[in-house]
Protein chains: 4
Amino acid sequence: MASKREAVKQKKKERIIEAAVKVFAQKGFYTANVKDVAQAAGVADGTIYLYFKNKDDLLISLFEHKMKNILLRFEEALKDISDPLDQLKTFIHVYFELIENDTELSGVFQVELRQSSKFLKDYHNQQFSNYLNMIARILDEGKKINFFRPEMDTNIAKIFIFGAIDEVARQWILGRDAKYSIKEAAEQSCDNIVKGLLAF
Amino acid sequence: MASKREAVKQKKKERIIEAAVKVFAQKGFYTANVKDVAQAAGVADGTIYLYFKNKDDLLISLFEHKMKNILLRFEEALKDISDPLDQLKTFIHVYFELIENDTELSGVFQVELRQSSKFLKDYHNQQFSNYLNMIARILDEGKKINFFRPEMDTNIAKIFIFGAIDEVARQWILGRDAKYSIKEAAEQSCDNIVKGLLAF
Amino acid sequence: MASKREAVKQKKKERIIEAAVKVFAQKGFYTANVKDVAQAAGVADGTIYLYFKNKDDLLISLFEHKMKNILLRFEEALKDISDPLDQLKTFIHVYFELIENDTELSGVFQVELRQSSKFLKDYHNQQFSNYLNMIARILDEGKKINFFRPEMDTNIAKIFIFGAIDEVARQWILGRDAKYSIKEAAEQSCDNIVKGLLAF
Amino acid sequence: MASKREAVKQKKKERIIEAAVKVFAQKGFYTANVKDVAQAAGVADGTIYLYFKNKDDLLISLFEHKMKNILLRFEEALKDISDPLDQLKTFIHVYFELIENDTELSGVFQVELRQSSKFLKDYHNQQFSNYLNMIARILDEGKKINFFRPEMDTNIAKIFIFGAIDEVARQWILGRDAKYSIKEAAEQSCDNIVKGLLAF
DNA sequence: AATGAATGAGATTTCATTCAT
DNA sequence: CATGAATGAAATCTCATTCAT
């Protein structure tokens, strides 16, 4: 009985999160009202505050909740791959797939989360670190077997790689200068990372 | 006389823009108040409205203005270099120098890309396009002389490169996971872009 | 059966009233939430509305109920005393004893008199009148037998006495300027009332 | 110029305070809206927040502001009186005069200030202490010249006296059980305090 | 041109009350 | 009877913008 109620409660919380993703993606975090989210979720304004401390908390919770799933998705995809190069390629492809399959969520992650000092500065994000460190681990292994350049700094490279694919993805979402498909984006990004620019 | 007055006027406008860069970079566009900008600029709230139509206009003007300067700086640095590879390396080093000398500058890119929601979604910043296209031009030339991989998509690569160095710079500013110097950042970034990860 | 259920019902109602006295005394009527009272009473929010029409009604019921008990306690203490002076002294000592044994009780008077605004301005608490009139009756008897000053207005004096001992008690509870024991408070108050300030 | 502007500013602040006194007296602090006060003061809602941090601050400022004047009034009245008994009598008469001449203010002091734990508990009020100590000083002098009972505790008596006259005044304002004039109230209170109840 | 006090629309948040379970 | 999740009206407060000086 209690578990059922718990389940119902969880369902409503998720409904609100889904609504928030949609609304924040469309209007932006600051431009969107709590009322908008409530309406989209089909609940009363006050109900939001039964599940989240305030509007900021809604954004943070949204992030935590979704990020957990994303990390799982990565781990799932990588767990049977041993070659670091394959791992890296898979990582990148999964990344762009995630973006493609949930554009709205991506919009929130890519655009909205960034604009709040809460996330970029104050709120030291464990999940984000986890994410970066997934890349670092792959790079370290690649160096160990002499596949990757030994003088390459994995600490810088993990950020480099994240920044690169993140931006390619963002511009695809914003649809500005980006007149390319996700597939192209993934493959080109792979090549750029692995081979670099040089032709030789 | 009129030109002098014009100059004074221009000076105040710039003072406001500098203040806005600082304040928006620090607090974010929505979290920052017009009052904050006014205070930082040492003018009255109302004065801002003599130079800018509204808060949004201030943000847009800020981009245009700053980007123009940044572009000039790049052009200056690149004008005597003919080799595309040298151009690219110079571009990257100049970029990190700019960031190092004006930390808040990176906020301009930040803001440009991340405050996008609502009104910026449509607003297409020509200057930012110009910036990206500077990279593209270098890449195209490199391809033409068979220095860069022929199958590399310059349109994606320009974004890829911008994203990569921008993120490495940003993490350096935030000082979080980034325990590296600007010099290292620039060199590692160069190598990553040019050589890629592979050791061979 | 019905009577037992009645008793149980009564018990819960009292539990809510006790909780309300505590909570209102501590946080003030307007600052306290119905939820607070419910929690303190160990019932659900909605349960309160099975016993009281609304929050206002809870406050009013609280007075009536508590005052009835207080009056009973006084009547019990006074019933075998005939001398008005002894009656008055006893009244005062009982008052301070009541306060000492049930600190929150003073909140009842507090609330009664100070939360008056709006709805309580009209609401005339009969029990409180009864309480004041107990004092008046003692004073009248004292005048009748020429013990108390004939020109003394019992109507004013009853309020005077109530106000004096109530404030001394309240400051004792707050423990601010009041660095005295309840016993001292009672005795000093007695003397002040009976003898006045003059030394002769 | 600056002083004139300062004066205008001060005037508006006072206008808001006057309005707040009126509104709070009539509707009670919690029942009254900031909007009500703004309307009564003839300013916009937001204007209130230019002069006061928040609604609570308005109440506190009101208290501080008015209390200062009241204390001055007392000092003025007492400064040429040397006899402690006369001082005490004057004090009491001035007190009731103040109440009579500004009923609304009294309402706020008497009823509204009391109901907020902010004032009774958290906010240790210097002005209120000053006020109580005025009484204490008179009492001490009266004891020194053997006019007042030597065993009388001035620390308790000051609270006793304050409570007594405060309550007599409050009931006059509430107009409940108090069917007496302010003049009677003052004289009866004086006699009660000075002579006590006994006839002798 | 510059100021900054004033405005008031609008956003977030609270909480008494209801009602399906 | 009891519950407590849900409601939504209403209150406080913020802040971009205006305008008299």
Side-chain angles (χ1 to χ4, degrees), chain A residues 1 4-6 8-9 12-13 16 30-39 41-58, chain B residues 5 8-9 12-13 16 30-39 41-58, chain C residues 5 8-9 12 30-39 41-58, chain D residues 1 4-6 8-9 12-13 16 30-39 41-58:
Chain A
M1 205 58 192
K4 190 177 175 185
R5 177 161 295 180
E6 206 57 36
V8 168
K9 207 172 159 179
K12 187 161 286 189
K13 188 168 186 176
I16 294 171
Y30 285 102
T31 320
N33 303 341
V34 172
K35 208 176 202 64
D36 297 333
V37 177
Q39 235 146 29
V43 299
D45 303 13
T47 305
I48 306 250
Y49 292 86
L50 296 177
Y51 296 93
F52 305 94
K53 235 179 38 239
N54 51 38
K55 199 186 170 190
D56 281 359
D57 185 44
L58 175 55
Chain B
R5 178 166 293 178
V8 169
K9 198 173 162 179
K12 189 162 283 187
K13 188 168 185 176
I16 293 171
Y30 285 102
T31 317
N33 303 340
V34 172
K35 206 179 206 66
D36 296 334
V37 176
Q39 234 149 30
V43 299
D45 303 13
T47 305
I48 297 202
Y49 290 85
L50 297 175
Y51 297 92
F52 305 93
K53 226 171 59 227
N54 51 36
K55 200 187 174 190
D56 287 2
D57 183 43
L58 174 56
Chain C
R5 179 166 294 181
V8 168
K9 197 174 165 179
K12 188 162 284 192
Y30 284 102
T31 317
N33 303 342
V34 173
K35 206 178 205 67
D36 295 334
V37 176
Q39 233 148 30
V43 299
D45 302 13
T47 305
I48 298 206
Y49 291 84
L50 297 175
Y51 296 93
F52 304 93
K53 223 170 62 227
N54 50 35
K55 200 186 173 190
D56 287 2
D57 184 43
L58 173 55
Chain D
M1 206 59 193
K4 190 175 174 186
R5 177 161 293 179
E6 206 55 37
V8 168
K9 208 172 158 178
K12 186 160 286 188
K13 188 168 186 175
I16 294 171
Y30 285 103
T31 319
N33 303 342
V34 172
K35 209 177 202 65
D36 298 333
V37 176
Q39 236 148 29
V43 299
D45 302 14
T47 305
I48 306 252
Y49 292 87
L50 295 177
Y51 296 93
F52 305 93
K53 237 178 35 236
N54 51 37
K55 200 186 171 191
D56 281 1
D57 184 43
L58 175 54

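The sequence lines fix the lettering, A, B, ..., with proteins before strands; numbering per chain opens at 1. Computed from a prediction, not measured in an experiment: that's the story for all the values here.
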Scan nucleotides 11-16 of chain F nucleotide by nucleotide, 5' to 3', and note B when protein non-hydrogen atoms come under 4.0 Å of the base, S if they reach only the sugar-phosphate, - if neither. SSBBSS
B:Val34: partners by side-chain contact (heavy atoms from CB on, under 4.5 Å), with sequence neighbours left out: B:Ile48, B:Tyr49, B:Lys55
Residues in side-chain contact (heavy atoms from CB on, under 4.5 Å) contact with B:Ala41, at least two apart in sequence or another chain: B:Ile16, B:Ala19, B:Val43
Going through the checks in order, is the side chain to side chain contact (heavy atoms under 4.5 Å, CB included) test met by C:Gln39 and C:Asn33? CA-CA 10 Å; C:Gln39 233 148 30; C:Asn33 303 342; over 6 Å; no
Kindly state each residue pair satisfying salt bridge (charged side-chain N to carboxylate O under 4.0 Å, His left out) with at least one member in residues 44-53 of chain B, sequence neighbours excluded. B:Lys35-B:Asp45
Separation of atom [atom1] in [X] from atom [atom2] in [N], rounded to whole Å:
X: D:Ile48; N: E:dA5; atom1: CD1; atom2: P; result: 16 Å
X: A:Ile16; N: E:dT13; atom1: CD1; atom2: C1'; result: 15 Å
X: A:Phe52; N: E:dT12; atom1: CZ; atom2: P; result: 15 Å
X: B:Tyr51; N: F:dT17; atom1: OH; atom2: C1'; result: 18 Å
X: B:Lys12; N: E:dA1; atom1: NZ; atom2: P; result: 10 Å

Give the intermediate values and the outcome of side chain to side chain contact (heavy atoms under 4.5 Å, CB included) for residues C:Leu58 and C:Tyr51. CA-CA 8 Å; C:Leu58 173 55; C:Tyr51 296 93; over 6 Å; no
Assess whether side chain to side chain contact (heavy atoms under 4.5 Å, CB included) is satisfied between A:Lys13 and A:Leu50, documenting all intermediate values. CA-CA 9 Å; A:Lys13 188 168 186 176; A:Leu50 296 177; over 6 Å; no
Dot-bracket for DNA chain E, 5' to 3', counting Watson-Crick or G-U wobble pairs under 3.5 Å, with [ ] for crossing pairs and | for inter-strand pairs? .||||||||||||||||||||
